[in-house]
Amino acid sequence: MNTEMYNAKHYPDGTAYQAIRNADRKKPKNRVTGRKQQASGKEFEDQLESMHRRLARDGIALISKIPTATKAIPHGNSVRWIPSEKTGCDYLGVYRGKAIALEAKQSSTTTRWDLFSRGQNNAKKKTVAEHQQRYLLKHRDCGGLAFVIIRIKPTQSLYLIDIIDYMTLEKEAIQAGKSSIALGQFEKYRVVLKPRSADYLEGAIK
C-alpha cells in the first residue's frame, strides 16, 4: 500500500488529510516563497517579543503570544503537525491596567494595504480573517483594548489600528469596490516611539 492509499484509509479527519495532500502538492517555488514569508513573520514576531519583554520589565504591560493549537497527523512513516483550531488573535495581555488583544499582520507593499490574500487552493480570504475580527470586536465590547498592529517591512513602519477603525476602513473600501486601502489612510495610526522607549501602545488608552 502506498503512502497515498495509507493516508486515505487511516485519516479519521478528512480535513487534515486534505491539508497534507495540499502541502505535498505545493510547487517548489511556492515552498521557497512560503519559507521566506515565515522568516519575515518571525522577524516581526521577534520585534514584538523584544518590546513586550521591555514593557514587562518596566511594569507597563504583560503581553503574551497565544500559541496555535496543533495536532499530530500520521504521514507514511513520519508525523506532521497541523493547526487543530483557529485562534482569535496573536497576543493577549494587560496594558496599564486594561486587558488588551492584538492581531499582528505584515506587508511588503509600501503604497497600499491589501484587504485580501490567497489561501489554500488559491481561495480568496480576508487578510484579517472574519473570526479574528469577531474576536477582537467581542474583546473590545467587553471593555478591553483591541487592535490590529501592522508592520510594513521595507520601511519598518508600525501602525496600531483600533479594531473598530480597521473594520470601518475595510467596509468603506469594499463598498467602494476596492480590494485595498491606500497606506496614507493609516498615517494617523503610525506608531512613533520616543527615544529609548518600547511603549508602542502609548496613546492606546484615550
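Note that the coordinates shown come from a computational prediction; the quantities given were computed from them, not determined experimentally.
- A distance-only check finds a donor-acceptor pair linking the side chain of K98 to the backbone of G143 [under 3.5 Å].
- Among all heavy-atom pairs drawn from V148 and L136, the shortest one is CG2-CD1, 4.2 Å.
- H139 is not listed as a side-chain neighbour of I163, based on a closest heavy-atom distance of 4.5 Å or more.
- Smallest separation of non-hydrogen atoms from L137 and I164: CD1-CD1, 3.4 Å.
- Residues I66 and C89 approach most closely at CB-O, 3.9 Å, considering heavy atoms.
- Between the CD atom in E187 and the OG atom in S157 there is a gap of 8.0 Å [rounded to 0.5 Å].
- One finds the CZ atom of R190 at 3.5 Å from the OH atom of Y159 (value rounded to the nearest 0.5 Å).
- When hydrophobic clusters are built by joining Ile, Leu, Val, Met, Phe, Trp and Tyr residues whose side-chain heavy atoms come closer than 4.5 Å, directly or via intermediates, F186 is not grouped with L193.
- Of the inter-residue distances, the one linking D58 atom CG with R53 atom CZ reads 13.0 Å to the nearest 0.5 angstrom.
- Remark: Q47 CD to M51 CE distance equals 4.5 Å, nearest 0.5 Å.
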Apply salt bridge (Lys or Arg N to Asp or Glu O under 4.0 Å) to the pair K42 and E45, showing each step before the final yes or no. CA-CA 5 Å; K42 183 65 166 57; E45 180 181 323; 5.3 Å; no
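- Ring orientation note: the planes of Y166 and W113 are nearly perpendicular, at an angle over 60° on the 30°/60° scale.
- Taking CD of E49 as the start and CZ of F44 as the end, the distance is 11.0 Å to the nearest 0.5 Å.
- Between L158 and R151, the closest side-chain pair of non-hydrogen atoms falls below 4.5 Å.
- Side-chain contact between Q132 and K105: present, with at least one pair of heavy atoms (C-beta onward) separated by less than 4.5 Å.
- In this model, no donor atom of one side chain and acceptor atom of the other lie less than 3.5 Å apart for Y189 and D162.
- Note that CD of E202 and CG of L160 are 11.5 Å apart. Values are rounded to the nearest 0.5 Å.
- Q133 and E170 share a side-chain donor-acceptor pair at under 3.5 Å.
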Between D199 and R96, does the salt bridge (Lys or Arg N to Asp or Glu O under 4.0 Å) criterion hold? Intermediate values first, please. CA-CA 11 Å; D199 190 0; R96 298 187 185 276; 3.0 Å; yes
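- Under the 4.5 Å side-chain contact rule for hydrophobic residues, V94 and Y91 do not share a cluster.
- In plain terms, the two heavy atoms of Y200 and H52 that are nearest each other are OH-NE2, 2.7 Å.
- Scanning all heavy atoms of the two residues, the minimum distance from A56 to L62 falls at CB-CD1, 4.3 Å.
- Formation of a donor-acceptor pair under 3.5 Å by the E103 side chain with backbone atoms of D90 is found in this model.
- Checking each of L145, V191, L102, I60 against L201 for a side chain to side chain contact (heavy atoms under 4.5 Å, CB included) leaves exactly one that passes, namely L102.
- In this structure, T127 contributes its side chain and D114 its backbone to a donor-acceptor pair below 3.5 Å.
- Of all heavy-atom pairs between A104 and L48, the closest is CB-CD1, 3.9 Å.
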